[in-house]
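To start, the structure itself, in structure tokens.
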Amino acid sequence: MPLRLYNSLSRQLEPFTPRDPSRVTFYSCGPTVYDDAHVGNFRSFLAADVLRRWIESPLCDLQNDPAKSTGRKVVHVMNITDVGHMTDDAEGGENGEDRMAVAGKRLLEAKKSGKLPAGTDTNLDPTNPYTIAEFYASRFLEDARRLGLKVALDAQSDPTLMPRPTQCIPQMIAMIQSLISKGHAYAVGPAGRQVVYYDVQSFPAYGRLSGNTLDNLRSGAGGRISDENQGQKKHPADFLLWKADPSHIMKWDSPWGAGYPGWHIECSVMAAMRLADDLGEIDLHSGGEDNVFPHHECEIAQTCGHTGRELFARTWFHPRHLFIEGAKMSKSKGNFYTARDLFAKGIEPAAIRLELIRTHYRTNANFTMQGVTDSQRMVERWRRISAVAGTSTNAAAAPRLDDSPVLREFAQAMNEDLNIAGALGVLNSWAGTITQPTASDAAILAAIDRVLGVLALEVPKATATEIGVYLGGLSPDPTVEAKLAERKAARAAKDFKRSDELRDELLALGYQLKDVAGGKVEISRKP
RNA sequence: GGCCGCGUACCAAAGUGGUUGAAUGGAGCGGAUUGCAAAUCCGCUGAGCGUAAGCUCCUCGCCGGUUCGAAUCCGGCCGCGGCCUCCA
């Protein structure tokens, strides 16, 4: 059964049929870089990554696919938003404070109190929005690569795969001009200080993606659209394309005056620049569920207004939000983790990645420490298979879908709207039956892991001392070493009472021990 | 008010008309192993009767319906969540 995906645009499961399977075009709304990305951000990016990997996998089956034998390629583009949008976007992106400026203040505070994140270039200038953006962008890329986000890895050799709005201002201006000339946008205000709005009433399909048609918006505005700042708009739902504002922290020259672009236009432009085909369409577009409205609705209005076509992205993919320990994540509650927070706790990238991808993308996954531990164990089990099998001398034939029930069932699950939990069930049942892994087992696992992307990730290094082996990136510690030495002596003297006390003491300090062959002790963090 | 989604056993999570008392992972219990642990491996984990094979009863939010047959389809109800111009 070929791959079927839930398309938010049609609100149903449909066969995924790219225009050219040998070159599938996929645009993902990426991070904004005025802070570190958290696990919620990464869940949606990784969901897109798994989808991309699945389409590229030879295990995946597509309807009407002439590229099946020659291989499919996904051109995946993810932007990095380095323009600071407004903190108060309730009126369409014109009010409040620029987020990049807010980030600058935060960094300045941190710098004063000596609390800049470890490894920060001390020359970082918190008053310069471009350096702030660069600072967080490089941290994002670092995290993303550790988590195996393929687009971030690809972008190392082809940076155009991760475009930045600040580099695309001329193209945005051109699209805005096109929209004005086609009657989809209008400028208001005195020359040189103009504001350009999209005219939603010029685009009848507005609301098709989100259900927020102009009628629904009118009746359900809920009082959030005030009269203030609406005066110049033709319709309350008209949204900002350009705002001339010479006092703004980041600004560029434009026909309407020096200022900044609206926050929807960048994605329309960047998707078109790198991906659009001769019809101005792309195959796939993803973003967190909160992007459905207004962001993606507005992107469609912009792109289709510009191209005159009915479609922008043929399939819209919207992963749902992540909860943390059962609660909705929110910055004010502080119940969120950045990827870096977790790395710092010694949790390895593979466990984080698996925990973030193992729940179906269209349900609200719940991120828990218990879940991370579960994922870690799964990873370790799979690793044992590939490690043992890797040293086997059996000839490793490339696994063929038709010869392997595991691969077939795995593919069947994945083809059904990326049923990854079902697919993991298949994988684990199979893994559980393997006592003596062979090279062909390893090949099967490798084929699966090219989709899951967990086994290829870096494994924290172990550091060995005379007595102990420190796992999970732990560094040898004098206190621990002393207790280990004493414990070793106690055990040699068969003073097990003392040796157990020492083990308890270490446990209280957060270290878990495991006696291994050769008299050494493995030390890992208590989960 | 509009649009969308969800409710499965201790937890997470598959399953979407029969082979399902319900995959898989965790947790729990028992066993192997260990000085003891940890890790690993094996077995068990709704209830009742039985030495056993097995039989009976109750299960997938609740109520009702369709069907020879429903966790799976239909209707109603209850509960939870998301979006509706900050957010992945």
Side-chain angles (χ1 to χ4, degrees), chain A residues 6 8 11 28-32 35 37-48 85-96 99 207 209-213 215-222 224-225 236-240 263-264 286-295 297-298 318-323 326 328-331 336 354-355 358-360 362-366 368 370-371 373-378 380-381 384 409 413 416 419-432 435 491 494-497 499-500 503-504 507 512-516 521-522 524 526:
Chain A
Y6 183 89
S8 312
R11 291 179 198 131
S28 291
C29 286
T32 47
D35 208 343
H38 52 64
V39 286
N41 302 118
F42 276 113
R43 149 124 143 135
S44 106
F45 302 147
L46 290 175
H85 297 302
M86 298 295 111
T87 52
D88 177 7
D89 248 348
E91 306 296 349
E94 302 180 56
N95 297 307
R99 289 177 185 282
L209 176 69
S210 62
N212 287 325
T213 60
D215 284 348
N216 289 343
L217 281 174
R218 235 193 297 268
S219 61
R224 293 185 70 167
I225 295 173
D238 286 355
F239 55 92
L240 188 73
W263 68 286
H264 307 304
S286 79
E289 57 170 326
D290 54 295
N291 283 150
V292 173
F293 190 87
H295 189 53
E297 195 70 73
C298 294
H318 290 113
R320 296 176 68 81
H321 278 174
L322 185 69
F323 284 55
K328 190 182 155 143
M329 184 186 308
S330 84
K331 294 215 169 177
F336 68 95
L354 182 58
E355 177 62 7
R358 66 195 262 232
T359 307
H360 188 85
R362 274 192 301 118
T363 68
N364 290 115
N366 186 11
T368 62
Q370 178 63 55
T373 310
D374 291 0
S375 296
Q376 176 75 49
R377 295 173 82 116
M378 266 188 254
E380 278 162 12
R381 167 183 293 178
R384 276 196 298 276
E409 285 167 34
E416 195 58 19
N419 179 359
I420 195 155
L424 290 178
V426 172
L427 170 57
N428 281 322
S429 317
W430 168 77
T435 48
R491 293 185 74 211
K494 301 240 187 276
D495 181 358
F496 295 120
K497 184 165 176 288
S499 97
D500 289 352
R503 185 171 59 205
D504 290 344
L507 195 63
Q512 192 166 63
L513 305 190
K514 175 181 171 185
D515 295 309
V516 293
V521 184
E522 284 182 357
S524 54
K526 191 175 73 173

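All chains are named by letter (A, B, ...) in the order of the sequence lines, taking the proteins before the strands, and each is independently numbered beginning at 1. Nothing here was measured: the structure is a model prediction, and the numbers come from that model.
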Discussion item. Tell me every residue that passes salt bridge (charged side-chain N to carboxylate O under 4.0 Å, His left out) with A:Asp515, counting only those two or more places apart in sequence or in another chain.
Written reply: A:Arg487, A:Arg491
Worksheet entry | Nucleotide nearest A:Glu289 (side chain, heavy atoms from C-beta), chosen from B:A13, B:G82, B:G25 | B:G82
Item to complete: Quote, to the nearest angstrom, the P distance that separates B:U24 from B:U45.
Response: 13 Å
Discussion item. Which label fits A:Trp263 and A:His295: parallel for a plane angle under 30°, tilted from 30 to 60°, or perpendicular past 60°?
Written reply: parallel
Item to complete: Pick the C1' atom in B:A23 and in B:C57, then give their distance to the nearest Å.
Response: 25 Å
Discussion item. Distance check, C1' atoms only: B:G76 and B:A27, in whole angstrom units.
Written reply: 38 Å
Discussion item. Let's see if you can work this out: which of B:A13, B:C4, B:A39 has an atom nearest to the side-chain heavy atoms of A:Tyr6?
Written reply: B:C4
Response to the item:
note: A:Phe336, atom CZ; B:A88, atom P; distance rounded to Å ~ 12 Å
Discussion item. In this structure, how many angstroms lie between the C1' atom of B:G82 and the CZ atom of A:Arg11, rounded?
Written reply: 14 Å
Discussion item. So A:Leu427, base contact, sugar-phosphate only, or nothing? Heavy-atom distance under 4.0 Å.
Written reply: nothing
Discussion item. What's the closest nucleotide to the side chain of A:His360 if the choices are B:G25, B:U40, B:A14?
Written reply: B:A14
Worksheet item: How far does the P atom of B:A32 sit from the matching atom of B:G81, given to the nearest Å?
Response: 48 Å
Worksheet item: Expressed as a whole number of Å, how far does the C1' atom of B:A14 sit from that of B:A22?
Response: 10 Å
Worksheet item: Just checking A:Gln370: base, sugar-phosphate only, or nothing, at a heavy-atom cut-off of under 4.0 Å?
Response: sugar-phosphate
Item to complete: Using only heavy-atom distances, decide whether a donor-acceptor pair under 3.5 angstrom links the side-chain of A:Arg358 to the base of B:G25.
Response: no
Response to the item:
Of the listed B:U24, B:A38, B:A14, the closest approach to the A:Ala421 side chain comes from B:A14
Worksheet item: If a stem is a run of at least 3 consecutive Watson-Crick or G-U pairs, both distances under 3.5 Å, which stems include RNA chain B?
Response: B:1-7 with B:78-84, B:10-12 with B:24-26, B:27-32 with B:40-45, B:46-49 with B:54-57, B:61-65 with B:73-77
Fill in: Rounded C1' spacing from B:G7 to B:G61 in Å
6 Å
Fill in: Side-chain donor/acceptor of A:Asp500 to base of B:G35, under 3.5 Å
yes
Practice prompt. Would you mind telling me which of B:A37, B:U24, B:A88 lies closest to the side-chain atoms of A:Arg503?
Written response: B:A37
Item to complete: Take A:Gly40 and A:Arg381, find for each the nucleotide of RNA chain B with the closest heavy atom, and name the residue whose nucleotide sits nearer the 5' end.
Response: A:Arg381
Worksheet entry | Selection from B:A39, B:C83, B:A88 that lies nearest to any side-chain heavy atom of A:Phe293 | B:C83
Worksheet entry | Proximity to the side chain of A:Arg320 - top-ranked nucleotide from B:G25, B:A88, B:G81 | B:G81
Practice prompt. From the options B:A88, B:A38, B:U40, select the nucleotide whose nearest atom is closest to the side chain of A:Asp290.
Written response: B:A88
Discussion item. Give me the distance, rounded to whole Å, that separates B:G43 from B:C49 when you measure between the C1' atoms they each carry.
Written reply: 23 Å
Worksheet item: Expressed in angstrom and rounded to an integer, what is the separation of A:His321 atom NE2 from B:C86 atom P?
Response: 13 Å
Discussion item. Quick check: do A:Asn41 and A:Pro31 have side-chain heavy atoms less than 4.5 Å from each other?
Written reply: no
Discussion item. Using the side-chain heavy atoms of A:Thr359, tell me which of these nucleotides is nearest: B:C41, B:G35, B:A13.
Written reply: B:A13
Item to complete: Report which part of the nucleic acid A:Ser499 touches: base, sugar-phosphate, or nothing (heavy-atom distance under 4.0 Å, all strands).
Response: base
Worksheet item: How is A:Gly288 classified with respect to the nucleic acid when contacts are heavy atoms under 4.0 Å: base, sugar-phosphate, or nothing?
Response: sugar-phosphate
Fill in: Between B:C10 and B:G65 - C1' atom distance, rounded Å
33 Å
Discussion item. Rounded to whole Å, please give me the gap between CG in A:Leu424 and C1' in B:G15.
Written reply: 15 Å
Worksheet item: How do A:Ser210 and A:Asp515 order along RNA chain B: which one's closest nucleotide is nearer the 5' end?
Response: A:Ser210
